[in-house]
Structures are given as C-alpha cells and as structure tokens.
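So the structure is just underneath, and the comments pick up after that.
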Amino acid sequence: MADSRAIGIFDSGLGGLTVAKEIMKLLPNENIVYFGDTGRVPYGTRSAATIQKYASEDERFLLSKDVKLIVAACGTVSSVAANTAKDLPVPFIEVISHSVDAAVKNTKNNKIGILATAATIRSGAHKRMIMERLPGAQVVESSGTLLVPLVEEGWTDKEDSVVLQTVQRYVEEMKRVGVDTVIMGCTHFPVLAEAISEVMGQDVFLVNMGVATANAVRRLLEETDALNEGLSHADHKFFVSDRTAAFESTASVLLGEKIDNFIVEQVDINKL
Ligand code: DGL
C-alpha cells in the first residue's frame with residue numbers, strides 16, 4: 001500500500017537541511033515537511049532536559065502536519081532526546097545509529113573519530129554504539145563547537161585559513177591517533193567535508209550522516225510498503241520558528257540550492 005503522506009524532518013535549525021537534501025536526492029517522489037527551530041537554535045550547547053522538551057514540541061508540530069515518518073535530522077536531538085520518540089504514532093529515524101553502522105563497516109584499523117556538538121559528545125551515544133558493534137575499537141571524540149557558527153556564517157571554503165585552522169584544532173587528537181574514519185556527527189559538518197579532508201588527509205573516510213540516514217529512510221519505507229508511488233510531483237514545505245536576517249544565505253549553504261525556490265512559512269510552535 002503506497003503512502004503519499006509526507007516525510008517529516010526536523011532539526012534545531014537549518015543544519016538538518018543537509019539531511020533533507022540527501023533524502024530529497026535519494027527519494028525524489030517523496031513529499032517533505034521540514035521544521036527548523038531557528039528561533040531556539042542552537043540545541044548543542046543546552047542541557048538534556050531542555051533539548052528533550054524542544055524535541056517533543058518539534059515532533060508534535062510535525063504530527064500536526066500528518067506525516068508518515070519522523071526524522072530527527074539533528075545529531076544533538078538524536079543522541080540526547082531519542083527517548084521523546086518512544087510513544088510516537090509513526091516510525092522515527094535518528095541520525096546516530098546509521099552513521100555508526102557506516103563507520104563500523106568502513107574502518108580497517110578500528111580507529112574512529114567523532115566530530116559533533118558538545119551535547120552529543122557528552123551523551124557518548126556514538127561511542128556506546130560503536131563499542132557494541134566493534135568491541136576493542138578506539139574512539140576519539142571531539143566537540144567542534146565553533147564549526148557550527150562558522151558554517152552559519154558561510155565560511156566553509158577549504159582554502160580559507162580560518163576554516164582550516166579551526167578544523168585543525170578540533171581534529172588534532174584524531175590525527176595523532178591515526179583514525180581512518182570520521183563521523184561528521186553534526187548536521188552542519190558535511191558542508192565542511194572538503195576542509196576536513198584537507199586537514200585529515202584524503203584517505204580518511206568521512207561519514208555523512210545525511211547519506212546514511214537517507215538510506216535508512218528508504219529501507220524503512222520499502223519494508224513497510226510506504227513509499228509514495230503516486231505520479232504527482234513531490235511537494236516540499238519548509239517551516240521555521242524564526243526568519244532571521246541570514247536565513248536565506250545560511251539555508252542555501254546547507255541545502256546546496258536556493259531556499260527561495262521553495263515556500264517557507266514561519267510558525268509559532270507553542271500555538272498548536
Ligand atoms: N543541528 C545540531 C546538530 O546536529 C547542530 C546545531 C545545534 O547545536 O543546534 O547537532
């Protein structure tokens with residue numbers, strides 16, 4: 001039975017567009033409802049209790065849009081607030097476990113780096129899952145806090161010395177240990193992939209959680225016979241809790257195409 005309802009995707013802000021982009025690429029027939037909590041971003045520096053409260057509200061918003069599946073396209077929510085999804089009436093996909101699977105599958109020397117927000121690193125979610133799948137692995141964790149505003153500012157060029165030096169500071173230990181795989185565990189980091197590769201070396205494999213998650217979404221929809229098989233053109237709707245001045249430029253950096261190609265609506269999440 002095909003299901004034409006939309007896939008619901010949410011993030012603390014616009015970073016989740018890197019995940020939405022991969023889902024849109026892999027599943028071009030799927031309708032998408034994206035919610036970015038731009039009024040309350042960042043989540044990555046907040047306490048677990050606050051992140052859980054925000055995540056529940058974001059999920060409730062997407063449910064009000066009658067989605068068939070919810071994707072937490074946010075490393076921080078996935079690692080700290082996945083428990084908020086246990087009573088959801090629709091399936092839930094987070095971004096950590098699929099990235100971990102991809103990393104474990106790829107590593108040859110069992111040395112894996114995790115680059116994510118402070119809250120994600122504090123949760124230890126990636127490390128725990130890696131050790132379950134690959135006992136004896138060596139995991140090097142680093143919270144790349146300053147990389148988030150760097151991306152929001154559009155500073156992503158691999159030739160920019162500020163970008164390279166900032167990345168260098170966060171991956172020093174991973175380089176010293178000689179990891180062969182790095183999980184980019186924060187939504188913003190795929191747009192820094194070239195700069196990270198420049199610093200880490202081209203032979204270090206970078207796990208893009210958007211790609212890993214898009215594959216998981218497709219598997220789930222196939223298994224549950226819930227792909228949108230209608231011939232209608234896919235419809236994408238974007239909602240944000242604040243339309244900041246830098247919205248268009250930041251969103252376009254993360255989505256990889258102009259957000260003004262789409263309709264974007266501002267909503268008050270507390271007025272549902
Ligand atoms: N979306 C967040 C993540 O993937 C990064 C931005 C934030 O701190 O809210 O962890």
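Order of appearance sets the numbers: ligands from 1, and atoms from 1 within every ligand. Bear in mind the structure is a predicted one, so any value in this text is a computation, not a measurement.
Contact shell of ligand 1 (protein heavy atoms, cutoff 4.0 Å): Asp11, Ser12, Val41, Pro42, Tyr43, Gly44, Cys74, Gly75, Thr76, Thr117, Cys186, Thr187, His188.
Between the side chain of Ser142 and the backbone N or O of Tyr170 there is at least one donor-acceptor pair closer than 3.5 Å. Judged by distance alone, with hydrogens and angles left aside, the side-chain atoms of Glu94 form a donor-acceptor pair with the main-chain N or O of Ile96 at under 3.5 Å.
Salt bridge present: Glu57 and Lys53 bring a charged side-chain N and a carboxylate O closer than 4.0 Å.
Tyr43 and Asp11 are not linked by any side-chain donor-acceptor pair at a separation below 3.5 angstrom, with hydrogens and angles left out of the test.
Looking at Lys175, Arg176, Arg169 one by one, the single match for salt bridge (charged side-chain N to carboxylate O under 4.0 Å, His left out) with Glu173 turns out to be Arg176.
Between Phe239 and Phe61, the distance from one ring center to the other falls under 6.0 angstrom.
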